[in-house]
Amino acid sequence: MAPLDSQLTSNLFSIGAERLALLGKHHKALMQGYLDGQVDETAFSEGALKKLIAARILWRPDEQQPLALRPLVSELIASMVADENRRQINADVAEKLEQIRNRVQAYRDAQYKGDYSVAELQLQRLTEHVHDLSGQFEEAIDSLWHRLNSDFGFVSSLDDKIRENERAQKQLRRLLDGLDLLDFNELIELSEGNNHLRKLLVSQLQNQLSSHHSSLLEVQKRLVQLLAKFRQQQARSMLIANMAAFLRQHPKYQPADYPNRSELPSLFNQAAAIRPQAAIALDKASERAVLAELVRALPRPGSIELPEQHSASFAELLADEEITARQQALKTDVENFYLRVIDQGGKLSALDYLAQQQLSWDSEIWLYQILAEYQALPLEEKQMFAIRREEAPASSVNQLLLIRDIQLTLRAA
């Protein structure tokens, strides 16, 4: 199986290197074809045209149409030169998720058959699909930021700006809908305790999507701010345009003398109200008596009597005494358990002793106290006992070990 994979990789390498070399060899003519929308066939030899068509770089959409770049090649150039007018972001999440599911199944089948080289290859392709999914979202977000920083600033009118904003809002909505398709409960089930799959499908992907959510939130805030700004500019522009049209229709119109009117329209009444300020002149002896009368007339704050807290302190003290008594009772019962083990000289189960003595302690607290008492013993006394924990996994998909019972045995001297 390994020689076949090596031969396949070698063939892919040679074909890919050859086709990349074709792109580099004819880069000027291909870039000119990208700008013109069609390729000038006279710029290539007959052999070069055949190679470019066979390499899926050029194609003829119709017999009546000239040669043109394939859509994927045009998309690659648009992405590299950040040509937002020609770049199309394809974030088909449903298709990517289906590919991820198929790769996970192929990876598990190869592991089940013991074909680890194929399993490693499937894991590598699965990693590429996951990174491709995250990368498409990142490309789409970069496209939105580029549109905010370029298209909005270089359009001819406010209407065009608002239309660009609506286009960006729709693309943002599509991206958010795509992110909603990712169900991490399903991805956790796909990983099924496999460390490689869990790290790839849950940890890394969740961190990346959280970053994408934060970026989209910032884009959305920016879009809302721009739309509010554009609407405000549009309202002012419409007011000025309507006023100019009115003046063209009424060339002899004379505005009224608004400052001499008692009531001004709200449009022109923009001056803030004047608030008179006053202060007491302490340097004038005639005003001291008035100031003294004003001070004496001020209401005096009444004395606030704080309630006594004796009852609350007594209740807290009583609660502390109850807690201390229960802790001491639990410690006494655990010490009796250790004494029973010494008396019997054999093995004794902690939960069996709890049931036989009909003690009211919770089983988890009981086991925890037994372990705490064992750890608190001096080294010489600790060597007298052999403790064994009966552990079991939490569930079939969670390998966390839980302590179900404790067996305590007295070592032979």
Side-chain angles (χ1 to χ4, degrees), residues 104 108 111-112 114 116 183-207 210 306-413:
V104 170
R108 293 196 174 278
Q111 275 195 330
Y112 180 76
Y116 296 106
D183 186 6
F184 280 98
N185 291 328
E186 179 187 1
L187 296 177
I188 291 173
E189 292 179 0
L190 284 176
S191 61
E192 290 184 1
N194 187 292
N195 293 333
H196 296 289
L197 296 179
R198 195 176 187 88
K199 182 178 180 181
L200 180 64
L201 297 178
V202 181
S203 302
Q204 294 182 0
L205 190 59
Q206 191 172 25
N207 291 334
S210 297
L306 297 177
E308 297 182 358
Q309 303 293 332
H310 299 296
S311 59
S313 301
F314 177 74
E316 293 177 359
L317 180 60
L318 182 60
D320 293 341
E321 291 178 355
E322 291 179 356
I323 294 173
T324 305
R326 285 184 56 83
Q327 291 177 348
Q328 185 61 37
L330 176 60
K331 185 174 182 181
T332 303
D333 291 339
V334 171
E335 291 176 355
N336 293 334
F337 170 71
Y338 276 87
L339 293 175
R340 176 64 64 85
V341 173
I342 295 174
D343 294 338
Q344 289 185 356
K347 181 170 63 175
L348 183 58
S349 169
L351 294 183
D352 291 345
Y353 179 83
L354 182 68
Q356 291 172 5
Q357 301 298 321
Q358 296 181 356
L359 300 176
S360 60
W361 306 111
D362 181 73
S363 59
E364 185 175 355
I365 296 177
W366 175 253
L367 296 177
Y368 178 81
Q369 187 64 28
I370 290 176
L371 289 174
E373 290 293 333
Y374 178 78
Q375 296 296 334
L377 289 174
L379 182 61
E380 297 79 4
E381 297 181 7
K382 189 182 297 185
Q383 293 176 353
M384 296 172 53
F385 299 98
I387 189 168
R388 185 173 68 86
R389 304 177 182 87
E390 293 184 2
E391 300 174 339
S395 63
S396 58
V397 296
N398 190 351
Q399 299 301 317
L400 178 66
L401 296 178
L402 301 179
I403 299 177
R404 302 299 185 186
D405 196 3
I406 295 176
Q407 301 287 342
L408 192 63
T409 309
L410 184 66
R411 295 180 186 270

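Predicted model only: the values in this text are computed from it and were never measured. Below, each value reflects all heavy atoms present in this structure, side chains not excepted, and no hydrogens, waters or symmetry copies.
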Working note: I406 + Y374, criterion side chain to side chain contact (heavy atoms under 4.5 Å, CB included); need CA distance, chi angles, decisive distance, verdict.
CA-CA 11 Å; I406 295 176; Y374 178 78; over 6 Å; no

Given 3.5 Å as the limit, does a donor-acceptor pair link the side chain of R340 with the main chain of E335, or not?
no

Distance-only, no hydrogens or angles: does the N336 side chain make a donor-acceptor pair with backbone N or O of T332 under 3.5 Å?
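Yes, N336 side chain to T332 backbone: donor-acceptor pair under 3.5 Å.
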
Check whether any side-chain heavy atom of [X] sits under 4.5 Å from a side-chain heavy atom of [Y], and report yes or no.
X    : Y    : value
L351 : S363 : yes
L371 : I403 : yes
L330 : I365 : yes
L408 : F337 : yes
I188 : R198 : yes

N-O pairing of R388 and E390 below 4.0 Å:
yes

Could you measure the distance from the [atom1] atom of [X] to the [atom2] atom of [Y]? Nearest 0.5 Å is fine.
X    : Y    : atom1 : atom2 : result
T409 : Q344 : OG1   : CD    : 11.0 Å
L201 : H196 : CG    : NE2   : 12.5 Å
T324 : Q327 : OG1   : CD    : 6.0 Å
Y353 : I370 : OH    : CD1   : 9.5 Å
Q407 : L348 : CD    : CG    : 8.0 Å

Would one find more than 12 heavy atoms of other residues, nucleotides or ligands at under 6.0 Å from atom NZ of K382?
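Yes, because the 6.0 Å sphere around NZ of K382 holds more than 12 heavy atoms from other groups.
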
How about Y368: does its OH atom have over 12 heavy atoms from other parts shown lying under 6.0 Å from it?
no

Decide ring-ring contact (aromatic ring centres under 6.0 Å, His included) for F385 and Y338; before the verdict, give the C-alpha distance in whole Å, the side-chain angles of both, and the deciding distance to 0.1 Å.
CA-CA 9 Å; F385 299 98; Y338 276 87; 5.3 Å; yes

Going through the checks in order, is the side chain to side chain contact (heavy atoms under 4.5 Å, CB included) test met by L197 and R108?
CA-CA 10 Å; L197 296 179; R108 293 196 174 278; 3.4 Å; yes

For L367 and R404: C-alpha separation, side-chain torsions, deciding distance, then whether side chain to side chain contact (heavy atoms under 4.5 Å, CB included) applies.
CA-CA 9 Å; L367 296 177; R404 302 299 185 186; over 6 Å; no

Step by step, would you call L205 with L187 a side chain to side chain contact (heavy atoms under 4.5 Å, CB included)?
CA-CA 10 Å; L205 190 59; L187 296 177; 3.8 Å; yes

